[in-house]
Amino acid sequence: MKIPIEKKAQKPMVSVDSIDALDIPPNGDKEIFPINSTDSMPARHKRDGETWTPSPKRALWLALVLPGAGQIYNRKLWKLPIIYGGFVGCAYAMRWNNMMYRDYSQAYLDIMDDDPNTHSYNQFLHLGNQVTPENMKRWQDIFRKRKDRYRRWRDLSFFALIGVYALSVVDAYVDASLSEFDISPDLSMRVAPTIIHGGTDRNPVSGLAMGLQCCLTF
């Protein structure tokens with residue numbers, strides 16, 4: 001005679017590595033419920049290039065630290081040749097005017113002293129012109145004016161360089177601030193007749209007047 005043996009269903013074993021992913025009830029029950037990882041960790045959204053808008057404050061600081069960095073952050077790369085072209089042009093003008101200022105300063109010093117061995121001013125004279133005691137005063141005045149002129153142009157080139165830097169900073173900040181500005185193509189003006197109430201008379205009918213109402217959509 002065979003005696004039937006009742007088999008008990010074995011519960012699945014849980015490894016130690018998966019304990020962190022399990023939720024054990026506080027009442028001491030042995031049932032274990034797995035936790036869905038998607039419920040505890042929020043989903044990270046990818047940044048869309050079409051809906052991304054730059055931060056004006058970040059664009060300002062980037063432009064202050066490195067000229068042109070604000071334009072790169074705003075994704076306006078076509079402005080970089082204009083900005084760096086302005087820097088290169090102002091730097092070249094400042095260097096060239098400074099060189100001419102030094103040459104004319106030395107020529108002015110040589111024409112003002114009494115040493116016959118110092119005559120660097122001859123390289124600035126036109127062909128056939130010479131400095132004589134009769135025209136010495138006129139040439140001294142010419143070299144002085146040219147020296148002052150190139151010094152003024154050198155200083156203006158330096159201020160123009162600062163202006164290009166300030167313009168790049170302002171452009172980066174304004175461009176980032178206007179990135180959320182609505183530029184929809186619905187730009188229209190509608191003019192329609194309307195009734196205007198003066199509000200000065202007790203009779204509501206006598207205070208009415210006809211007029212035009214202008215509505216701008218932008």
Side-chain angles (χ1 to χ4, degrees), residues 47 49-184 187 216 218:
R47 186 175 65 180
E50 297 181 356
T51 60
W52 176 79
T53 55
S55 172
K57 186 177 295 185
R58 181 173 297 180
L60 175 64
W61 282 108
L62 288 174
L64 287 173
V65 173
L66 180 63
Q71 283 71 24
I72 297 176
Y73 173 72
N74 293 335
R75 301 181 181 179
K76 298 299 178 61
L77 301 180
W78 61 272
K79 295 182 180 180
L80 293 180
I82 301 176
I83 295 176
Y84 285 105
F87 279 115
V88 172
C90 293
Y92 177 79
M94 186 170 57
R95 179 179 177 274
W96 188 80
N97 287 311
N98 184 60
M99 180 181 62
M100 297 299 295
Y101 165 71
R102 294 176 60 183
D103 293 341
Y104 273 102
S105 295
Q106 185 61 41
Y108 178 72
L109 292 176
D110 292 346
I111 202 173
M112 290 297 294
D113 59 16
D114 297 331
D115 190 359
N117 296 324
T118 56
H119 46 79
S120 63
Y121 51 85
N122 289 329
Q123 60 180 338
F124 298 104
L125 299 178
H126 297 287
L127 185 62
N129 293 332
Q130 292 182 355
V131 178
T132 59
E134 290 79 11
N135 60 8
M136 176 69 71
K137 185 68 176 177
R138 183 174 67 88
W139 282 108
Q140 289 177 351
D141 188 60
I142 290 175
F143 282 109
R144 180 183 60 81
K145 290 181 179 180
R146 291 182 180 179
K147 172 181 68 69
D148 296 340
R149 181 194 309 166
Y150 284 110
R151 180 182 61 184
R152 182 171 63 254
W153 288 354
R154 181 200 61 182
D155 298 341
L156 289 177
S157 301
F158 175 74
F159 287 112
L161 183 67
I162 298 179
V164 172
Y165 171 75
L167 183 62
S168 66
V169 174
V170 173
D171 174 75
Y173 179 77
V174 173
D175 194 3
S177 300
L178 296 180
S179 59
E180 298 181 356
F181 186 74
D182 186 12
I183 52 175
S184 61
L187 301 177
L216 296 176
F218 59 91

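The shown structure was predicted, so the numbers you read here are calculated from the model rather than taken from an experiment.
Nearest heavy atoms, I83 versus V164: O-CG1, 3.9 Å. Across every non-hydrogen atom of A63 and S168, the tightest pair is CB-O, 4.3 Å. Nearest heavy-atom pair, G68 versus L80, reported as atom, atom and distance to 0.1 Å: O-CD2, 3.4 Å. Pairing each heavy atom of N74 with each of A172, the nearest pair is ND2-O, 3.0 Å. Nearest heavy atom pair, residue P56 against residue P54, reads CD-O, 3.6 Å.
By the 6.0 Å contact criterion, CZ on F87 is enclosed, its count of non-hydrogen atoms from other residues, nucleotides or ligands being greater than 12. Y101 OH: more than 12 foreign heavy atoms inside a 6.0 Å radius.
Contact check for I142 versus F124: no side-chain heavy atoms found under the 4.5 Å cut-off. Within the 4.5 Å cutoff, side-chain heavy atoms of Y73 are placed close to those of S55. Side-chain contact between W153 and M100 is absent, with no heavy-atom pair separated by less than 4.5 Å. Counting heavy atoms from C-beta on, the side chains of D141 and R144 come closer than 4.5 Å.
One distance of note links CD of E134 with CE of M136; it measures 9.5 Å at 0.5 Å rounding. Here the OG atom belonging to S105 is positioned 9.0 Å from the CG atom belonging to N98, to the nearest 0.5 angstrom. Considering CD1 of I72 and NZ of K79, their distance stands at 13.0 Å, rounded to 0.5 Å. Remark: Q130 CD to W139 CH2 distance equals 11.0 Å, nearest 0.5 Å. Within the model, atoms CG of D113 and OH of Y108 stand 11.0 Å from one another, a figure rounded to the nearest 0.5 Å. A distance of 12.0 Å separates CD of Q106 from OH of Y121, quoted to the nearest 0.5 Å.
A salt bridge links D148 with R151; the closest basic N to acidic carboxylate O contact falls under 4.0 Å. Classification of D171 and K76 as a salt-bridged pair fails, no side-chain N sitting under 4.0 Å from a carboxylate O.
A donor-acceptor pair under 3.5 Å is formed between the side chain of Y165 and the backbone N or O of L64. Looking at Q140, its side chain does come within 3.5 Å of a backbone N or O of I111 through a donor-acceptor pair. Not a single donor-acceptor pair under 3.5 Å links the side chain of Y150 to the backbone N or O of R102. With Y84 contributing its side chain and P67 its backbone, the two residues share a donor-acceptor pair below 3.5 Å.
None of M99, M94, R149 except one satisfies the side chain to side chain contact (heavy atoms under 4.5 Å, CB included) rule with R154; the exception is M94. Of the candidates D103, L109, D110, D110 is the only one forming a side chain to side chain contact (heavy atoms under 4.5 Å, CB included) with S120.
With hydrogens and angles left out, the side-chain atoms of T132 and N135 include a donor and acceptor closer than 3.5 Å.
The aromatic rings of F143 and Y104 lie tilted to each other, with the angle between the two planes from 30° to 60°.
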